[in-house]
Structures are given as structure tokens and as C-alpha cells.
Amino acid sequence: MARSALDEVTDTGAFDRSPSTFRSSVSREDASARFPAVPGRYHLYVSYACPWASRCLAFLKLKGLDSAIGVTAVKPIFERTKDTDDHLGWVFPATADEEPGAEPDPFNGAKSVRELYEIAAGSGPSNYAGKPTVPVSLDLPVSPAHQRRNQHNGICFFSLSVSPPINPMLQVLWDKQLKTVVNNESSEIIRMLNTEFNDVAGNPGLDLYPPHLRESIDEINELVYDAINNGVYKCGFAKKQGPYDEAVTRLYEALDKCEEILGKQRYICGNQLTEADIRLFVTLIRFDEVYAVHFKCNKKLLREYPNLFNYTKDIYQIPGISSTVNMEHIKKHYYGSHPSINPFRIIPAGPNIDYSAPHDRERFSA
Ligand SMILES: N[C@@H](CCC(=O)N[C@@H](CS)C(=O)NCC(=O)O)C(=O)O
């Protein structure tokens, strides 16, 4: 049966995230490539709840790619993906009215992200045994029958999980033409969005991974991914005290370090916005509303860190970014989708922070 992140805990009780499955690239330079950068061909499947998918959404907005790449968001709470097994995962609403912010799958009529992975695998229903995650882009051979059924143009980013152990993650970059996932690894999808669609981007001049800052971005990404982005999951999904203690110590060491850096400069790699800021932001914006409670990251709250808190408001207020933050989906998802952590699915009332409130970050010159 398909797996989910809650199954990714080792015998030591530590959360151990499995790598993304679909790792192809869209190419701007090579029109004969399997995935040329054609506007309208690709579609991004996301969840507004998911920090990884939200990175992709932020890039789509910042680069002005909304009209070149469509987006479909799933429902926030995991549901049964099939009647025939107990897998819980990302599902689409049956109608556009069912869940504000979520929409039915416009191209495949899929009920779940798991089903998208199965289509991409060209293997028909119930053969995908990974974790169906979002975002995703698939790169598997598809049968002629699948190709005939998939003459739409567009990309989807999603992730899902099918049977036996596949984890259908959500952030999926989907190729409407070949009806397959191009890629479901958000760190790679954002790099493609940064450069490969510049011929059709509204903001082609924005480079969020500029050559002169790459070393510093790579270094920060490594720290932030392991200790913060994935670190909060390691705290929340730990099944023994030791792995939790280790993860929470590393998390707060990394947050302290970021707090110190942000006391000297506007952004995490200098006075210029880069992908490292987007990658840090997606976790910070969920911190006090979700991770502090649901994942036991309560040693200190984000709003007790003056620089990190104002920095989060600063990024949130960049045009386009607030539209990628759907706090209702975020809270519904985490509190409602992990029954072993929150069995009664009660959503805490607070703290309802206003991230559009004033901040003090303009004091750093660009
Ligand atoms: N490394 C992946 C992680 C993606 C991921 O884990 N996505 C989660 C949503 S936050 C997912 O879809 N999980 C599906 C599940 O647990 O069943 C990326 O950055 O793209």
C-alpha cells in the first residue's frame, strides 16, 4: 500500500525522510529535450498546507509565471485515497465549491495525488507504492493510450503515495502532454522556475540563485533544510525522546544562528532576496501557528525572536507572497491529518498573527 511521511520512522524512533522519486528537468535551451520549456504545457499540483509546495508557489509568483504554468491545489486534510486500502493522502475535491482554495483535477479527473502518480507510472490503478507527495513532476514512460488521453498542455507539480511502499508527495510538476510527472522535488522545481521559463516569465530578470551568492546560498540551504525545514518534522514525528531531543536542540541552534545573521542584514544571504529566504520563510510562517504546538517546537516562539519575526513579515509582504499562504489550509492539514499526534483533530484557536503588520527591516539598505 502507499506510504506516508508518518511511516518514515526508523527503529530508533527518528523521522527519516525518503528522497523524492521523479527528478527530470525542463529545458529552456533544448527544444528537442523530453521536457522543453513550452508555456501552457506544464501544471503544478500543490497543497497550500505544504511548505515544500509553497516554495514552488512563491517562485511562480515572484517570477511572474502564473499564466505560463497553471496550479491546482488539493484539499488540506488527508483522506482515504482508495476504497480498497487504508492509505491516507492528498485528495482533490469533487467540485470547486467543496473546499475553498482547492479544486478538482482539471486534466485527469483524478480523485487523489496517488492516482496521478499511478497515471504517471503508466501502470494503471493501484501499482504505485511510494509516498505521493507534493509538489511533483513525473518522468516515467507512458503508454500510447495514456498519451492519447493526455493531449492537454500543462505542467503539474505534486507528490503522492501508492501501493507498496511509495509515498505520493504533493508538489508535482506535471507534463500535460506526456501525462507524466516531470519532477516532485521542490528544491529542483524552484531552480527550473528560476531560469528555464525566462522566455515566458513576467519577471525574467529576477535571479534568486545568482552566481555570486551561490556558495553562501548552498551553505545556508544545508543548515536550514536539515535543522529547520526538515528539523521541525524530525521533532514532530519522533517516536522516542532521544531523537526528539536531538532534533529540537539542532533546530534552536539553527534558529539562533539565523536570528544573529538577520540582526546584521535584511536577508539571510545579504541584502538581496534569494531562494534561501523563500526556503526559510515557508517554515517560519508555519512556526507559531502549527509547529510550536503540533510538532512540540515550543522552546521559543518565532515572535520571541525579533529579527526572525520581522523578517517573516518582510517576506510575507513582498508582492505575491501572501497569496501563497493559506493559513486555514495550513492549520486544517497539520492538526487534521496526523491522527497519531492529534487524534481528535482539534484545531487550536490561536495565535492568529498578523504578518501584514509593520516591520523594521527597511533599516537595512539594499
Ligand atoms: N523533499 C520533498 C518533500 C515533499 C513532501 O514531503 N511533501 C509532503 C507534503 S508537506 C507530502 O506530500 N507528503 C505526503 C504524505 O506524507 O503522504 C520536496 O521538497 O519536494
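We number each residue from 1, following the sequence as shown. Here the structure is a predicted model, which means the values were calculated and not measured. Numbering of ligands and ligand atoms starts at 1, following listing order. These values consider heavy atoms only, across backbone and side chains, with no hydrogens, waters or symmetry-generated copies.
- Tyr209 and Asp218 share a donor-acceptor pair across their side chains, judged by distance under 3.5 Å alone.
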Note to self: side chain to side chain donor-acceptor pair (under 3.5 Å), that's the test. Do Glu185 and Ser187 meet it? Break it down for me.
What the structure shows: CA-CA 6 Å; Glu185 171 49 50; Ser187 59; 2.7 Å; yes
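- Using modelled atom types and a 3.5 Å distance limit, the side chains of Asp175 and Thr180 yield no donor-acceptor pair.
- Listed by number with element, the atoms of ligand 1 under 4.0 Å from a non-hydrogen atom of Trp90 are 9 (C), 11 (C), 12 (O), 13 (N), 14 (C).
- Using a 4.0 Å cut-off to heavy atoms of Cys50, the atoms of ligand 1 that qualify are 7 (N), 9 (C), 10 (S).
- Heavy-atom contacts of Tyr233 reach the following atoms of ligand 1: 10 (S) (cutoff under 4.0 Å).
- Backbone and side-chain nitrogen or oxygen atoms of Ser187 are examined, and none is located within less than 3.5 angstrom of a nitrogen or oxygen of ligand 1.
- Here Ile189 has no heavy atoms under 4.0 Å from ligand 1, in either its backbone or its side chain.
- Every atom of ligand 1 is numbered from 1 in the order shown, and the set under 4.0 Å from a heavy atom of Phe78 is 15 (C), 16 (O), 17 (O).
- In summary, the side chains of Tyr334 and Asn342 do not present any donor paired with an acceptor at a separation below 3.5 Å, with no hydrogens or angles considered.
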Note to self: Would Asp85 and Lys82 count as a salt bridge (Lys or Arg N to Asp or Glu O under 4.0 Å) here? Give the steps.
What the structure shows: CA-CA 6 Å; Asp85 62 43; Lys82 281 183 199 265; over 6 Å; no
